[in-house]
Structure formats: C-alpha cells, structure tokens
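Worth saying up front: this structure is predicted, and the values here are computed from it rather than measured.
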Amino acid sequence: MLSTAKAPGAVGPYSQGIKGNNMIFVSGQLPIEPESGELLKGNIEKETEQCIKNVLAVLEAGGAKLEDIAKVNIYITDMGNFPLVNGIYEKYFNEHKPARCCVEVSKLPAGADIEIEAIALL
C-alpha cells in the first residue's frame, strides 16, 4: 500500500495506490490540494493539473515517475471540457504517451469535475 502526504488522503476505504509485481496502481485522484485539503472547482485546467500532480506524487512514493505510466483513465463530468483537459495533459505527456481513455460520467466524488487514475510499469 502506498501513502504520501504529497497527495490527498483517500476519502474512503481504499489506498492512494498499490505496488506489486513491478506495477503501481494509482487510485483515482481528485483535484484536491494536499496541503489545504481544498477541492479545486471552476477552472478545469487547474483541476486537471492538480489531478496529474497528485497522481505523480503517489507514483513517486512508489519509486516511479511519469515515464513509467502505461495507462491513464480520465473521468470528466462535461465532455465539452475535453480540449482544455487534453491541453494540460499534453503539457505533461508530450514525449511519453501512455495508453489512455477519457469518459464523461454523471457524477464524481465530492462533486469534482475530473478524476484521473493511472497504472505504471516498473
């Protein structure tokens, strides 16, 4: 089980991530600032960036980095935000391009607009 203060704590009975068999599974990360515990709302670009930073913090706790990510799942509540989400995503995943899916969902925990999870191979 992975745990770091550099990402928000789990809001339920699960861990921030799990490491095993040369893989890391990062639980869905909401756009919560770990220092303040504040959920970002109203700016999907800042929200996307915070989700990615939280994913990377959990990976770091497991000894991994962005380039180790093999698969990313993005959940957004408004597919109209896809171009903005994709623009921020591309800032991080420019050269390294893991497999990915992005789906619109009706609701996310805590009323968030976006959630991102990842799988890394070590």
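- The closest donor-acceptor contact from the side chain of D68 to the backbone of K65 lies under 3.5 Å.
- With a 4.5 Å cut-off on side-chain heavy atoms, V58 and Q29 count as touching.
- Between the SG atom in C102 and the CD1 atom in I76 there is a gap of 4.0 Å [rounded to 0.5 Å].
- Cluster membership for I88 and L66, using ILVMFWY side-chain heavy atoms within less than 4.5 angstrom, is shared.
- Of the possible polar contacts, one joining the K41 side chain to the G111 backbone as a donor-acceptor pair under 3.5 Å is found.
- Although no hydrogens or angles enter the test, the distance criterion places no donor-acceptor pair under 3.5 Å between the side chain of N81 and the main chain of L84.
- The closest side-chain donor-acceptor pair between E90 and N86, if any, does not fall under 3.5 angstrom.
- Clustering ILVMFWY residues whenever any of their side-chain heavy atoms sit less than 4.5 angstrom apart, transitively, puts L59 in the very cluster that holds I74.
- Contact check for I116 versus N73: no side-chain heavy atoms found under the 4.5 Å cut-off.
- Remark: the backbone N or O of V85 is not paired with any side-chain donor or acceptor of T48 at under 3.5 angstrom.
- Using modelled atom types, one side-chain atom of K19 and one backbone atom of G62 make a donor-acceptor pair closer than 3.5 Å.
- P31 places a side-chain heavy atom less than 4.5 Å from the side chain of I114.
- Side-chain atoms of E33 do not come within 3.5 Å of backbone N or O of E38 as any donor-acceptor pair.
- Not a single donor-acceptor pair under 3.5 Å links the side chain of N21 to the backbone N or O of M23.
- The heavy-atom pair separating V72 from Y89 by the smallest distance is CG2-OH, 3.7 Å.
- Contact annotation: the side chain of R100 never approaches that of F93 to less than 4.5 Å [non-hydrogen atoms, C-beta and beyond].
- Rounding to the nearest 0.5 angstrom, the gap separating the CZ atom in F25 from the NZ atom in K71 is 12.0 Å.
- Using a 4.5 Å heavy-atom threshold, the side chains of P8 and Q50 count as separate.
- Cluster note: V103 groups with Y75, V105, L108 through ILVMFWY side-chain heavy atoms spaced under 4.5 Å, whether in direct contact or through intervening members.
- Judged by distance alone, with hydrogens and angles left aside, the side-chain atoms of E117 form no donor-acceptor pair with the main-chain N or O of E115 at under 3.5 Å.
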Salt bridge (Lys or Arg N to Asp or Glu O under 4.0 Å) assessment of E60 paired with K6: CA-CA 9 Å; E60 182 182 293; K6 294 180 181 179; 3.0 Å; yes
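- The nearest pair of heavy atoms linking A7 to A57 is CB-CB, 4.1 Å.
- When all heavy atoms of L2 and A61 are compared, the pair lying nearest together is CD2-O, 4.0 Å.
- Taken together through direct or relayed side-chain contacts under 4.5 Å among Ile, Leu, Val, Met, Phe, Trp and Tyr, I32 and V55 form parts of separate hydrophobic clusters.
- A pairwise comparison of heavy atoms in L30 and P109 identifies CD1-O, 3.8 Å as the closest pair.
- Contact annotation: the side chain of N22 never approaches that of L121 to less than 4.5 Å [non-hydrogen atoms, C-beta and beyond].
- Residues Y92 and K53 form a side-chain contact, since some pair of their non-hydrogen atoms from C-beta on lies under 4.5 Å apart.
- No more than 12 heavy atoms of other residues, nucleotides or ligands shown are found within 6.0 angstrom of NZ on K107.
- The nearest pair of heavy atoms linking I24 to A64 is CD1-CB, 3.7 Å.
- In this structure, CD1 on I52 lies 8.5 Å from CD1 on I69, to the nearest 0.5 angstrom.
- If you take OG on S27 and CE on M1, they are separated by 10.5 Å, rounding to the nearest 0.5 Å.
- Side chain of E47 to main chain of N43: a donor-acceptor pair is present (N/O by atom type, distance under 3.5 Å, no hydrogens or angles).
- Between the side chain of Q16 and the main chain of A10, no donor-acceptor pair closer than 3.5 Å is present.
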